[in-house]
Structures are given as structure tokens and as C-alpha cells.
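The structure appears right after this line, and notes come after that.
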Amino acid sequence: MTASPMVVTRFAPSPSGHLHVGGARTALFCWAYAKGRGGSFTLRIEDTDQKRSSDAASIGFAKDLKWLGIDWDEGPEYEGSGGGPRGPYFQSERLPIYRRHLDRLIAAGNAYYAFETAEELTALREAAKAKGVPFRYKGEIARARSVEEIAALRAAGAPSVIRFHTRAGPITIEDEVLGTAVIPDGETDDFVIQKADGFPTYHFAVVVDDELMGVTHVLRAQEHFNNTAKHIVLQDALGFRRPTYGHLPLIVNPDGSKMSKRDKDKVLRKAIAERALTSPPVGTVDPATFAAWLKDKTIQLPPEVTTRLATLLGVTLPEINVDDFRRSGYLPEVLCNFLSLNGWSPGGDLEKFDNEFLREHFDLARVLKTPAKFDRAKLLAFNLHAISAMTREAFVTRAAAHGQAFHAGFMAKLTVAQFRSLCDASHERSKTLDDLFRSNTFITTADDDLVLDPKAVKKVLEGGSPCGYDILRGARAVLAPLADWTVGGLEGVLKPHAESAVGGSLGSLAQPLRVALCGSTVSPPIFDTLAILGRESSLARIDRCLAQSGVVA
RNA sequence: GGCCCCAUCGUCUAGCCCGGUCCAGGACACCUCCCUUUCAAGGAGGACACAUGGGUUCGAAUCCCAUUGGGGUCACCA
């Protein structure tokens, strides 16, 4: 025995969707724990469920992790991360390895073939439920079968699984977060370790791979806590070491429910019910799928359809996956910071820190035991603070990158100079990188296509005395001859004009202009708005607005 | 329901391990006022929590027990 072995942690998602924020936090903590101790962080893809796994999803994880700034030392190769001597890192490519250890277990009498069908097991479970007792698989019959009998059954093509023979006795779990727990004798039954399709189950693959990949510390969500008993008996039977465990508290919705991809469908169903829609909006799904989805709450629509429906219905889908937050314009460093605060804290009053800090200070002793409700309002506030702390230059760069990725059409309609002006004008009011694009659509709308919000028209243009239209007419008169159409120049004529025309209240001058220019009562500062739009567009919009006043009146 | 775990403001949490410095601190949200060319932002105030009941102790948010409440888990999903 020399020095203590290097710390090795791993994040092992199943590629059945995008990276969930809860998963992101687990990955972040695993990364921080290992890297903060000179250790190594491994990414492993647990694709042992042939029905649910997809290659696209595993690439998605890699992309999301990279975006968050989490690098892995070993694992699938992706943009400079990954590789390593203990691969492959996709479990579906490790079948022969599992086979070897499975054979050891069978040879030692610690595992056996079982031939019950899924239907038979379901019936057994229901019977137990009816009697009010928990179902535990008893393997006496299966275990009593002779080698010859088993061989004959298998040769005859009878589907079978392999189960682990759990020995009697309580199982003690030592956990760095939750402390010690004893699972009583009989709670852990003879669970399946190889499925009928020849793939190992999660329990088996995880134990084998953690051993072979040298994992020393298993940090995972608390929902796995009870599984630990299974993993421990497996490790003992296989002669493996037992890693240190740390179960992290769950991250849940504000109402206490589990954060799930299904939450998006839930929002859509609600919106549809409110509108009493009975058929799917055109261009979404076929009526049959739509009806089935409405009825069965467990069905999820494909992501593209979900997004399209949300747009058509005008509802905002909740962000669940890392990529959702990215689209919504959250900064990766803010997401990491905020996620760290769910279930861990550095102590004291400190709450703003970066990944480097986390890596230096993260420890299991300060991990909370209670589930954390994900507070989007606080996340938003953090994002706003981070954005306002940026230099103008940084904001332009980041906003442009976000725009190229998610609002290419918007970007294409603006010159570089216009975009920079827009950034400067919107920076301090941006809570997310996406705000810039969502709240300034008036810029990319053609002058003639601008729709004026009726409520704004009524309040700002038709109301007041003098009424907004009159103020607008007056403003047009001073703007038309202006040569220096810049923020400074505009301010130079408009401020004195406000002084003489509306008693010094710039507000009563700015609002009618804003509605004429943008169609709404909200926009960047009025001089910026005029400058970005330019003389021609601005005057055209004012004229159009004035012209329509005659029609309405 | 069985089993396991947990319990500080509405929310994220500090304090708990090593009882007194806590009539419990910070942040987000909320309320009021100020600032203001809109919306934000910003400034100044404010309201808001130790689940309950028993112990132990001179003294408990901090230790023990019970109750209640919450979460997790009981798959050929991970």
C-alpha cells in the first residue's frame, strides 16, 4: 500500500433524452469533487436499455456538458475531451465484459437463470398488492432447477433472465451525505442482473464498470439510495471494492413534484383545455395522435411538435433541460452557480461564485439532505446580475453568439453597427441573452407591417391632453428637418421641444413616439430607438401612425 | 401500504456536528417610498421561519424520544 488511490468520480447518464438540470448538477458536483482533489472525472453512457437509447442523445449530453464548462478526463471522445484506457465508455459496447463476470457469479452459485415471463411477474405483483404485502421475488423454484434442466429450457428457446441470489441478512449502507442506514433482511430480493435481451441491467453494469473504471466515489441523486443495497451485495459477491457513496438531494419543481420532461406536455395540455381545442392546430400532429396524447398523460409529443405547439398557442414551455436554458438565454456560468446552490452551499453569506471556486471548495460534508425546489425567479435574478456586470464588448459578443445560434433571421436583418447600437441600448435591461431578440422585434419588422397594440394606442395616442397624436405631430415637425440623426442630435432637438410643447415632461413626448415606432409602450430608450431605426424608417412609422389616426377617428 | 431518508422565512440557504455570542444572518420573491423618457435596473425602508409535543440542561434552532408532515424506493428504466 502506497499513497491513497487517486479520486475517480463518474457521471453516468442514460441517453434517453437531453441533459436534465438535475443531471447537470450531479455532473458538476462529480467534476468538482474529483478535480478539486487532483482526481479524474469520467463520463460513461449507460445505454443498456435498447428501447430508450439513442446516439443523438449521447452527443447531446457531450455538447451540453461542454457548454456548461464541464470537461471529462475519460469517456466518449468529443471536442478534446474523453478517450482513456478503460473504455469503451458506452455500456452497449461492453457486453463481453459483463458476460465474463456474469459467468463467475453463476459458477459460484451467486446467480441463476429464471424463466418467469413479464406477464407472470406482473400477476404475482398484483396478487401481492391485493394482499397488501410488498412483492419480493423468491427464487426457490428457479434456484432448485438442475443444470440440465436449465440447459434444456434454454436450448428449447425459453426466454430467461439472470437473477442475483441475494443472501439473507441486513445490508448496511454507509453514505457520506446521509450517514449510515441499515436495510433490513428480506428487503432486497433476487433482482435481475441480465435481461432477456442479453443486456445487463443498470445494477449489474454499474457495479462492474465502476470497479473496472477505478471509480472511488459515487455521487448520484438520492433516488438511487435504495439501489445501493443491491450494488453492495453485488460488489461483495464479485470481490470488488466498495466505493464511497454520496447521495445528492433531488431538485424538484416549486410544487414539489419531480422536474420532468413531461412538464412541457402538461403545460400544453392545460393551454389546450383552456382554449377548448378539440383538434390539433394545423401543421402539428394528426388528429389521432393528438387525441391519444390528450387522453394519456404519460405520452410525450416529439420535441419539435412540442415547440411548434407552444408557439402556436402562445405559451412558454418550462425549461427542463440544459439546452432549454441555453435557448432561453441563460449564461452557462450562472446556471452552474445556481445549480450548485441547490443542495450545497459554501457556508456563510457567499452565493455568487464560479466553477473554479466550486472545484476548490466543494465537499460532501456541506451537501444538504433535503430536496431543493428549483426557483426560476432567483436564477433569472442571478442571470440579470451577471449580464449587467458584463462589459459592453462582452455583451455584444455573447449576444451575437446567441443570436447566430437561435435568431439567425434577426441577425441577418441588422447591420453590425445597428446590432451594436441595439446591444448598447438594451444591455442594462436584459435579463437573458434572449431578451434582446424577443423584445425588439419591431426592428426587424417592415415599417408597413408594424402592428400597434390597441391598448397602447388607446392609452397613449388617443388619450391625454393634448392627445398623443397631436404630440406626435409636433414631434414629427421638429424631427423632419433634423440633419444630425444620432442619439446626441435627437436629444438636442427633442429635449427642448419637450420643454416647450409638453411642459418639460419627456415622458409625454416619448410615449407617443414609442407607440408609433414600436407599436408598444416598451422599448429601449427613445433616442436609441429613433437612432437605430434611422430617419427614414422613423418618419415613415410616424406618418403611418398619424395616417391611421384619421381612419380610426 | 412495506422499507429507507429528511424537517430553519413563500423559495434557496447560514447557524446545528463542538448547546449560551440567534428576540435566528444572507439571497430571490413580496410590500412601501425614492429615482426615472417606457419597461427594467438602481437606492432606502418593511413584513416573513427554528413543524408539534415531551424530555436532558442553569440554558436548546442546536442533544434525545415521540407525533405530524415531506421526499425517495419497491421494473427484464436508469
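Just so it is clear, the model here is predicted, and its values are computed rather than measured. Labels below follow one simple rule: chain letters A, B, ... track the order of the sequence lines, proteins then strands, and each chain is numbered from 1.
Comparing the P positions of B:U73 and B:C33 gives an interatomic distance of 47 Å, to the nearest angstrom. Going from the P atom of B:C48 to that of B:C18 covers 33 Å, rounded to whole Å. B:U11 sits 12 Å from B:C30 when the C1' atoms are compared, rounded to a whole Å. Comparing the same atom, C1', in B:A41 and in B:G53 gives a spacing of 48 Å after rounding to whole Å. For the P atoms, the distance linking B:C35 with B:A49 amounts to 32 Å, nearest Å. B:G70 and B:C58 have their P atoms separated by 38 Å, given to the nearest Å. Comparing the C1' positions of B:G20 and B:C28 gives an interatomic distance of 32 Å, to the nearest angstrom. Taking the P atom of each, B:U13 and B:U8 are spaced 10 Å apart, rounded to whole Å.
Contact annotation for A:Gln222: backbone-only contact, meaning every heavy-atom pair under 4.0 Å involves sugar-phosphate atoms and none involves a base. Residue A:Pro249 is out of contact with every strand shown, counting any heavy-atom pair closer than 4.0 Å. Within the nucleic acid shown, A:Leu494 has no heavy atom closer than 4.0 Å to any nucleic acid atom. Contacts of A:Val192 with the nucleic acid, taken as non-hydrogen atoms under 4.0 Å apart, involve only primed sugar atoms and P, OP1 or OP2. Note on A:Arg44: nothing from the nucleic acid sits closer than 4.0 angstrom, heavy atoms only. Across all strands shown, A:His20 has no heavy atoms under 4.0 Å from either base or sugar-phosphate atoms. Residue A:Glu491 is out of contact with every strand shown, counting any heavy-atom pair closer than 4.0 Å. At a threshold of 4.0 angstrom between heavy atoms, the contacts of A:Ile526 include nucleobase atoms, whether or not backbone atoms are also involved. Across all strands shown, A:Glu46 has heavy atoms under 4.0 Å from sugar-phosphate atoms exclusively, and none from any base. Within the 4.0 angstrom heavy-atom criterion, only backbone atoms of the sugar-phosphate kind lie near A:Arg366; the bases stay farther away. Note on A:Asn227: a base of the nucleic acid sits closer than 4.0 angstrom, heavy atoms only. Contacts of A:Phe191 with the nucleic acid, taken as non-hydrogen atoms under 4.0 Å apart, are absent. Within the 4.0 angstrom heavy-atom criterion, no nucleotide atom of any strand lies near A:Leu350. Using a 4.0 Å heavy-atom criterion, one finds that A:Lys230 contacts no nucleic acid atom at all.
Distances shown here put every side-chain N or O of A:Arg136 at or beyond 4.0 Å from the OP1 or OP2 atom of B:C3. Contact between the side-chain N/O atoms of A:Lys369 and the OP1/OP2 oxygens of B:C6 is found at a separation under 4.0 Å.
Counted within 6.0 Å of CG on A:Asp55, heavy atoms from surrounding residues, nucleotides or ligands total 12 or fewer; the atom is thus considered open.
Listed nucleotides: B:U11, B:U38, B:A40. Nearest to the side chain of A:Val522: B:U38. For A:Lys51, the side-chain atoms get nearest to B:C77 when compared with the rest of B:A40, B:C77, B:U38. You'll find that the side chain of A:Asn226 is closest to B:G72, out of B:G26, B:G72, B:C5.
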Q: List the steps and the verdict of side chain to side chain contact (heavy atoms under 4.5 Å, CB included) for A:Ser345 and A:Arg366.
A: CA-CA 7 Å; A:Ser345 102; A:Arg366 297 197 63 87; 3.7 Å; yes
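Take the nearest nucleotide of RNA chain B for A:Pro254 and for A:Ser388: the residue whose nucleotide is more 5' is A:Pro254. Residue order along RNA chain B, read from the 5' end via each residue's closest nucleotide, puts A:Ala372 first among A:Ser430 and A:Ala372.
Aromatic pair A:His231/A:Phe204: ring centres not closer than 6.0 Å.
No donor-acceptor contact under 3.5 Å links the side chain of A:Asp349 to the base of B:A27. Judged by atom type and distance alone, A:Lys378 reaches the base of B:C12 through a side-chain donor-acceptor pair under 3.5 Å.
Ion pairing of A:Arg52 with A:Asp49 is present here, as a side-chain N (NZ or NE/NH1/NH2) and a carboxylate O approach within less than 4.0 Å. Comment: A:Lys258 engages A:Glu223 in a salt bridge, judged by a side-chain N to carboxylate O separation of less than 4.0 angstrom.
Under a cutoff of 6.0 Å and an axis angle of 45°, A:Arg163 and A:Tyr137 form a cation-pi pair. Geometric assessment of A:Lys352 against the ring of A:Phe382 yields a positive cation-pi assignment under the 6.0 Å and 45° thresholds.
Pairing for B:C3 goes to B:G72, judged as Watson-Crick or G-U wobble with the two contacts each under 3.5 Å. Base pairing of B:A66 is made with B:U52, judged by Watson-Crick or G-U wobble geometry with both donor-acceptor distances under 3.5 Å. Searching all strands for a Watson-Crick or G-U wobble partner of B:C30 with both distances below 3.5 Å returns B:G46.
Side chains of A:Gln50 and A:Asp197: a donor-acceptor N/O pair is present below 3.5 angstrom, by distance only.
Rounded to whole angstrom, the span from the CD atom of A:Glu126 across to the P atom of B:C74 amounts to 17 Å.
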